[in-house]
Each structure stands twice: as C-alpha cells, then as structure tokens.
Amino acid sequence: MSTSPTPANFIRAAIDHDQRSNKQQGRVVTRFPPEPNGYLHIGHAKSICLNFGIARDYGGVCHLRFDDTNPEKESLEYVQSIIDAVRWLGFSWSQDNVEHLYYASDYYDTLYRCAEILIERGYAYVDSQSSEAMRALRGTLTAPGTPSPYRERSAAENLDLFRRMRAGEFDEGAHVLRAKIDMASPNLNLRDPVLYRIRYAHHYRTGDTWCIYPMYDYTHCISDALENITHSLCTLEFEDHRPLYDWILARLAEADVFKPPLPQQIEFARLNLNYVVTSKRKLLQLVHERHVEGWDDPRLPTLAGLRRRGFTPNSLRLFCERIGVAKADSWIDMSVLEQALRDDLEPLAARAIAVLDPLKLIIDNYPADQSELCTAPLHPHQPERGVRSFPFSRELWIEREDFAEQPPKGYFRLFPGNRVRLRYGFVVECTSVEKDAAGNLLAVHCNYFPDSKSGTAGSNNYKVKGNIHWVSAVHAYAAEVRLYDRLFTAEQPDANGRDFLTVLNPNAKRLVHAYLEPGVQSMQPEERVQFERHGYFVVDYADSKPQQPVFNRIVSLKDSWGK
Ligand code: ATP
Ligand code: MG
C-alpha cells in the first residue's frame with residue numbers, strides 16, 4: 001500500500017466533521033457497489049480507491065456489493081471479473097475475519113417486505129398506466145406532472161395488486177409500483193418514481209424466483225441501510241437522486257425498519273480520461289463487436305486490460321491519488337496515468353536491451369567463431385542490484401534509426417566513416433554498407449577497436465559522441481513485441497453524440513519482431529522490464545510460453561501524448 005500522506009478532499013472533510021459530532025457513532029463504513037453487467041474500468045478504480053482508501057484510513061471497512069437488479073444484463077462471469085479486479089488493485093473487504101461481500105439480490109425478500117410497508121403506510125401505489133402514459137403525465141423541468149388516475153387506490157387494493165404482480169399474474173408492463181411523493185416537485189426524481197417493475201427474466205443468482213425486480217434508486221438506499229453504511233459515495237449524476245434516497249429511508253425509519261443514524265449519500269465527480277471511453281455499455285460494444293480482442297485487450301481502459309497491458313496496481317492507486325476527488329467533472333489526460341506507471345516502475349524495473357527495428361551490423365575484424373560477455377548494471381541508479389551480462393559477437397542487430405547513410409546535421413549515431421560506442425561494448429567505425437539490387441540496405445559493416453571495451457582500462461581514450469544499443473545476432477532472443485497507441489484518434493471519442501466507433505484508431509496495436517537481450521527469455525508472465533530507450537514492457541500473461549515470453553509495451557519512456 002502507498003505510504004504517502006493522505007490527500008485532503010471534501011469527502012474526508014465531511015467524514016471528519018461527522019467523526020467530531022459523532023453523527024455516525026464514530027463508524028466509517030463505505031461500499032463499492034458495481035453492477036455485474038461488464039468489466040470494471042479505470043473510472044471504477046477511482047471509486048474503488050476512494051471507498052476502500054477511506055475505510056482503511058479511518059479504521060473502517062468497505063463492502064463490496066453487487067448491485068444486481070437487472071437480470072437481463074448480469075452474469076457470474078462479470079461478478080468474478082470484478083472480484084478479481086478489486087483484489088488485484090490491492091483491496092480487501094474483510095474485517096476481523098468477516099467477509100463483507102454482498103449482493104443486492106440477497107435482499108430481494110427484504111426489499112419486497114419494505115415495499116409492502118410503504119404500501120400499507122400510503123407511500124406507494126400500483127400504477128396501471130402504460131409507460132407512455134406515465135411519461136406523458138410526468139411533466140417537464142418547467143411544467144409540473146399530473147397525478148396518475150390510479151394514484152388514489154386504497155392500500156388494500158395496492159397490496160393485493162402488488163402481491164399478484166409478484167405471483168406472476170400480470171404481463172410485463174401491465175403494472176408498476178410507484179412511490180407516492182409529489183407530482184409537482186421541481187425534482188423529477190420525486191414525481192412518484194417507479195420502485196418495482198414486472199420482468200419475466202432469469203436472474204443469474206435468484207433464477208426464476210422473482211418476476212418483479214426493484215429499481216436502482218429503491219434498492220440502493222435500502223441496501224446501504226441494511227449494511228449500516230455510513231457514507232455512501234457516488235458519482236455526481238446521482239446528486240438529484242439524493243432527496244429520493246433520503247425520502248425512502250426516512251419513510252422506512254418512521255416504520256421502525258431502520259434506526260438512525262441513516263447512511264448519508266455524498267457525490268463526487270466521475271473520472272473522464274481522454275482518448276478512451278469509460279462506459280461499460282460502450283466497452284461491451286467494443287468487445288462484442290470484436291473491435292478489440294476481449295475484455296482484457298491491452299488497448300482497453302478496463303482494469304483487466306490495463307493489467308494485461310502491464311500497469312501495476314500501485315501505479316493505478318498512485319494515479320487515483322494524484323487526480324484527487326472533486327465536485328466538478330473534468331477530463332484527465334492519459335499522460336497522467338502513464339506518468340504514474342513510470343514513477344512506479346522507474347526504481348523497480350530491471351533494464352535490458354531490445355532492438356525493435358533491426359538492422360544487421362557486421363564487425364569485419366571480429367573473428368566469426370568468437371564471442372565474449374559484456375556487462376551492464378541491472379539498474380543504473382542501484383549498483384547494489386548487480387550486473388547482467390550478454391554476449392558480443394561478429395554479427396549484431398542495431399536499431400535501424402541508429403544508422404544513416406547520409407546523416408542529417410547534428411546526427412551522432414552511425415554513418416559511414418563515423419565512430420560510435422556500442423553501449424556496454426566496443427567502439428566501432430563504420431566502413432561500408434551492403435545493399436540488394438533494388439538499393440535496400442541489407443547490412444552495415446564496421447571495424448571494432450579491441451582495446452575500447454567498456455569497463456576496461458584505456459577504453460575512455462576513445463571519445464565518441466554516439467552510444468547505440470545492440471544485441472548479438474546469434475544469441476538474441478527473437479520475440480514478438482506489441483506496441484500500443486491510443487485506442488481512439490479523438491480526445492473525447494463520444495463527445496456530442498458522435499459514434500465513437502468512427503474514431504477508432506486502426507493502428508492502436510502494432511506487432512514487431514524484435515531481437516532482445518538473451519536474459520529476458522526466462523522472464524515470467526507479468527514480469528516487467530525497461531528496455532533501454534524504448535520504455536516499460538511486460539510479459540503478456542496470455543500469449544507467452546515458458547522460455548518464449550511475448551512482450552507488451554506499457555508506456556514509452558517519454559510522454560507521447562503532448563499536443
Ligand atoms: P458505467 O456507466 O460504466 O456502466 P456505472 O456507474 O453504471 O458505470 P456501476 O457498476 O454502477 O457502473 O459503478 C459502480 C460504482 O463505480 C458506482 O458507485 C459509480 O458511481 C462508480 N463509477 C463508475 N464509473 C465511474 C467513473 N468514471 N469515475 C468514478 N466513479 C465511477
Ligand atoms: Mg450504474
């Protein structure tokens with residue numbers, strides 16, 4: 001866990017205030033309430049870090065609760081993926097050996113009973129209008145709504161109808177249960193919101209037990225109260241729902257279902273990250289229409305995708321800490337996420353050499369049957385971690401861009417007649433080039449200076465400006481390396497109702513056949529490395545085999561997002 005000081009924010013200020021006034025009897029219980037209708041994304045990480053972070057810092061607990069009241073869209077696969085993602089981020093929902101893992105679907109009986117109580121007390125009624133008629137009477141922001149002709153049904157009639165709804169006597173859409181609040185309220189959420197609807201749908205946990213399902217607003221506040229949540233943190237779009245949250249709980253408290261202190265809803269701004277979409281529905285579309293290769297495609301901002309891409313849990317927590325929590329929506333630049341990864345990995349990742357765009361370099365005066373080891377630090381700033389070694393031989397791979405037949409002005413790398421140092425190896429001088437009939441460059445020839453080897457006495461007598469990396473051709477590990485770019489070409493892919501598919505970047509994934517320092521061949525899935533000059537890479541967990549790692553580039557060494 002991060003040990004940096006906890007950033008202050010308005011939510012912590014509100015909790016501090018409650019602690020001082022003892023409003024919640026000193027308790028801090030939060031919850032993270034995903035609907036299992038897709039995989040979690042980077043936006044959810046913000047909510048996870050906030051809820052679990054607050055619970056941890058106040059000595060409380062954060063519940064993981066599946067808000068599973070839409071049977072058509074939910075599944076066990078999604079439940080499992082969410083459990084995996086929260087664990088992977090480093091958070092736990094257990095306290096004193098109690099697992100605080102909950103499902104709103106476990107509350108169906110209680111929710112049903114609460115609805116009967118509201119009906120008995122005159123706070124809910126069965127409406128039998130069509131949904132179009134209901135919408136027509138709802139009014140607008142400027143015009144009040146009109147009461148439903150069914151609004152004054154007696155409690156007995158409502159109770160009877162509601163029980164028959166549950167018993168499966170009616171078709172979908174024939175009736176709904178509505179709260180009886182205020183059709184003239186300036187807040188549309190209070191104009192008799194629907195609490196239950198009829199759905200003949202199979203639920204992944206409750207099967208066919210139910211044919212009526214509770215609505216989100218109704219379920220959420222009651223679930224919070226049942227779990228004795230103290231602070232229910234949610235995103236800003238629920239601000240206008242808070243009066244309904246409070247109304248439902250207050251009515252049930254009057255009926256002694258709940259005792260104060262009741263949970264308090266506090267809203268914060270959702271995370272918007274540019275060049276990606278953070279909506280489960282849109283991510284689902286990308287996956288199902290096969291624009292990407294699955295929920296864990298490294299191009300996706302899902303937590304599974306970020307993990308496979310190589311992001312560390314620590315880098316995501318660091319990111320969430322840096323973006324903070326505010327009350328106004330804003331867009332965060334992708335570079336902030338990438339910088340968090342660099343800052344996390346810089347001190348951790350061992351270094352190695354990779355040639356991503358290979359060009360053959362032949363050292364004519366080096367014997368063909370000879371090779372020798374060169375050494376380099378595992379980490380340039382941590383000599384205590386020791387060294388790595390790799391062979392030098394007559395034929396090497398160098399980076400194509402490190403050679404220029406006609407060097408531009410100020411070019412210090414290899415060109416005919418010029419000398420460079422082969423990093424951690426010898427100084428060489430370019431003598432000639434080899435081309436095919438069409439004029440394509442096949443190889444570069446050079447001579448080396450036997451007394452110039454890095455680390456040996458006198459090697460410093462060679463003063464050269466260029467220092468290029470290389471791997472020995474016969475010894476290198478030939479690997480598949482994936483380089484990634486932004487998934488969308490537009491900063492806000494779904495802005496102003498644009499179809500985000502029209503701005504998909506077809507080149508967001510590029511495959512290269514690279515030559516790597518031999519030592520990386522034994523790296524394990526999810527191990528990370530910095531390939532010098534190229535960035536941070538991870539061993540792909542899905543496509544690698546023992547001794548045949550496939551690498552994903554997580555981020556380059558420098559910010560490439562600048563406009
Ligand atoms: P989506 O629109 O992607 O489906 P959601 O809000 O419907 O997201 P939920 O599963 O209901 O997804 O979200 C669980 C929790 O995560 C909620 O408390 C929600 O407010 C929060 N959350 C979702 N997206 C973001 C985001 N972009 N930034 C911060 N919190 C988020
Ligand atoms: Mg939601």
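Atoms within a ligand are numbered from 1 in the order they appear, just like the ligands themselves.
Neither the backbone nor the side chain of Phe238 comes within contact range of ligand 1; no heavy atom lies under 4.0 Å.
Of the polar atoms of Arg31, none of the N or O atoms is found under 3.5 Å from an N or O of ligand 1, judged by distance alone. Residue contacts with ligand 1: Lys46 is placed with no nitrogen or oxygen under 3.5 Å of a nitrogen or oxygen of the ligand (distance criterion only). For ligand 1, the polar-atom distance check against Pro33 finds no nitrogen or oxygen pair separated by under 3.5 Å. Among the atoms of Leu271, some N or O lies under 3.5 angstrom from an N or O of ligand 1.
When each of Glu227, Glu99, Arg31 is paired with His63, the side-chain hydrogen bond (donor to acceptor under 3.5 Å, both in side chains) condition holds for Glu227 and for no other.
No hydrogens or angles considered: nothing links the side chains of His175 and Asp127 as a donor-acceptor pair under 3.5 Å. Between the side chains of Asn187 and His241, no donor-acceptor pair of N or O atoms lies under 3.5 Å.
Geometric assessment of Arg342 against the ring of Tyr536 yields a negative cation-pi assignment under the 6.0 Å and 45° thresholds. A cation-pi contact, defined as under 6.0 Å to the ring centre and within 45° of the axis, links Arg166 to Tyr112.
Taking each of Glu35, His44, His41, His220 in turn, the one with a heavy atom nearest to atom 5 (P) of ligand 1 proves to be His44.
Within the listing of ligand 1, atoms 14 (C), 15 (C), 16 (O) sit less than 4.0 angstrom from a heavy atom of Phe32. In the vicinity of Pro34, heavy-atom distances shorter than 4.0 Å reach the ligand 1 atoms 10 (O), 14 (C). Listed by number with element, the atoms of ligand 1 under 4.0 angstrom from any heavy atom of Thr235 are 19 (C), 20 (O), 29 (C), 30 (N), 31 (C). Contact atoms of ligand 1 toward Ser279: 3 (O) (distance under 4.0 Å to a heavy atom of the residue).
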(message) Working note: Phe488 + Tyr275, criterion ring-ring contact (aromatic ring centres under 6.0 Å, His included); need CA distance, chi angles, decisive distance, verdict.
(response) CA-CA 5 Å; Phe488 294 97; Tyr275 293 108; 9.0 Å; no
(message) Assess the residue pair Trp247 and Tyr123 against the criterion (ring-ring contact (aromatic ring centres under 6.0 Å, His included)); give the C-alpha distance rounded to whole Å, side-chain angles, the decisive distance to 0.1 Å, and a yes or no.
(response) CA-CA 10 Å; Trp247 184 90; Tyr123 290 127; 5.7 Å; yes
